[in-house]
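Taking it in order: structure first as structure tokens, then the write-up.
Nothing here was measured: the structure is a model prediction, and the numbers come from that model. Counting starts at 1 for both ligands and their atoms, in listed order.
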Amino acid sequence: MITEIKKLDRNSILLAKELLLDGKVVAIPTETVYGLSAIGTLGSAVKEIFNVKGRPSDNPLIAHVHKDYDLSKLVLIEHDYVYKLIEKFTPGPLTLVFQSKGVVCEEATCGGDTLAIRIPSHTGCQALLKEVDAPLVAPSANLSKHTSPVTANHVYNDLNGKIPLILDGGKCSGGIESTVLDVTDKVPRILRAGLVTKEMIESVVGRCEIAMHKEGDKVKSPGVKYKHYRPRCQTALFEYGDIKGVVSAYENAVSQGLKPYIMCANEFEKDFCYKNLLLLGKTPQEIASNLYDKLLEGENEADLIIAIAMPDEKGVNMGIMNRLRKSCG
Ligand code: AMP
Ligand code: MG
């Protein structure tokens, strides 16, 4: 199959719509990462997403809808606080998990009774969703376990020959996947950390819990138990500020004939005399937005990426640390 990359515009949106209605999968930009989408009511199209990615069949997909879509067509909204969250954080990088009404097919929900929904803010993605006017289910548009794509070229590198079309909507601004929030109980619960933080949710609805997953637990969000986001080279993760440890790992790698790169926040640039740096930026938002781009740049250059942890797990750092542990830990 020939994989075309087309700049997202009116014509490519119409082409994407035609392919999607015909049961094909199409890669699309969002403000978090690129998604591999299919119409959520077409079981065989949704199966194709799992085939193309090699995604475990028990890991459900998020349904994406436009901002004027009536969510009550798809799910039960059981608690009033949910309306406040929708008002404050959508469109944007917040996914809400509801009781499903079963409209989106069981291939997407993996037979579960809940459905995760997101309203992306990416303008081009909104335009496509509006045009299709149906839920598009989409996981990240990478091969399973690999680092999530934040440019059309990243998608092409993983899925060339496997899908007909990639809509190019530029580099994703958010850079890490959405916060996944379970809103089926009286108190909302974060299943996956992201750019909408616990603190932000609490400021709107008072309380917010974090789901803790231990080894062997039956998890509520199956995706969190899988290996994820890994670049195709060796990795190591060091504590915040452990310059000595990083230097020693770097020197050790060089002495073994390997090419190491250090991936860190800009604040550490002055601590190293090496050229091989992958600088992530200054603020947590900037660091999140560059993380996958730098991991994918790094895997092309390095035999070993040596990453430095964030100073804490507050705010956006919680989402960054979740991705850093899975990609480099
Ligand atoms: P991905 O699209 O690959 O970034 O992953 C979507 C994330 O949302 C995974 O962690 C899934 O397990 C989670 N998810 C999707 N649907 C549900 C659901 N119905 N209930 C709980 N978690 C979900
Ligand atoms: Mg993914």
Sort by chain and number the protein N/O/S atoms that are closer than 2.8 Å to the Mg ion (ligand 2), and list them.
-> S140 OG
How about N142 and D158: does a side-chain donor come under 3.5 Å of a side-chain acceptor?
-> no
Sidechain N-carboxylate O distance under 4.0 Å for E131, R10 = yes
Atoms of ligand 1 close to N59 [distance to a heavy atom under 4.0 angstrom, numbered from 1] | 9 (C), 11 (C), 12 (O)
Are the side chain of E209 and the backbone N or O of V187 linked by a donor-acceptor pair below 3.5 Å?
-> no
Applying a strict 4.0 Å limit to heavy atoms, is T109 in contact with ligand 1?
-> no
Which of the atoms in ligand 1, numbered in the order shown and given with their element, are less than 4.0 Å from a heavy-atom of T114?
-> 18 (C), 19 (N), 20 (N)
Considering only heavy atoms, which of R192, Q99, K53, H228 lies nearest to atom 4 (O) of ligand 1?
-> R192
Could you tell me whether the side chains of E177 and S140 share a donor-acceptor contact shorter than 3.5 Å?
-> no
From the options E31, H64, R192, select the one residue that forms a side-chain hydrogen bond (donor to acceptor under 3.5 Å, both in side chains) with S178.
-> R192
Okay, side chain of S289, backbone of G175: is any donor-acceptor separation there less than 3.5 Å?
-> no
Just which atoms of ligand 1 are under 4.0 Å from any heavy atom in P139?
-> 2 (O), 3 (O)
Just list the side-chain donor-acceptor pairs under 3.5 Å for residues 253-270, sequence neighbours left out, or say none.
unit_1 : atom_1 : unit_2 : atom_2 : d
S255   : OG     : N252   : O      : 2.7
K259   : NZ     : E301   : O      : 3.4
N266   : OD1    : G281   : N      : 2.9
E267   : OE1    : Y240   : OH     : 2.9
K270   : NZ     : E267   : O      : 3.0

Check: V196 main-chain N/O paired with T179 side-chain donor or acceptor under 3.5 Å | yes
Pick one of side chain, backbone, both or neither for how V97 approaches ligand 1, counting any non-hydrogen atom pair under 4.0 Å.
-> side chain
Under 4.0 Å from any heavy atom of A116, which atoms of ligand 1 are there?
-> 15 (C), 16 (N), 17 (C), 19 (N)
With heavy atoms and a 4.0 Å threshold, my read on which part of T95 contacts ligand 1 is neither
Salt-bridge present (E87, K84; N to O < 4.0 Å) | no
Look at the aromatic rings of H66 and Y69 and report parallel, tilted or perpendicular, splitting at 30° and 60°.
-> perpendicular
Check each heavy atom of L61 against ligand 1 and say whether those closer than 4.0 Å belong to the side chain, the backbone, both or neither.
-> backbone
Using a strict 4.0 Å cut-off to heavy atoms of E177, name the atoms of ligand 1 that fall inside it.
-> 4 (O)
Ignoring hydrogens and angles, state whether a donor on the side chain of R118 or T30 is under 3.5 Å from an acceptor on the partner side chain.
-> yes
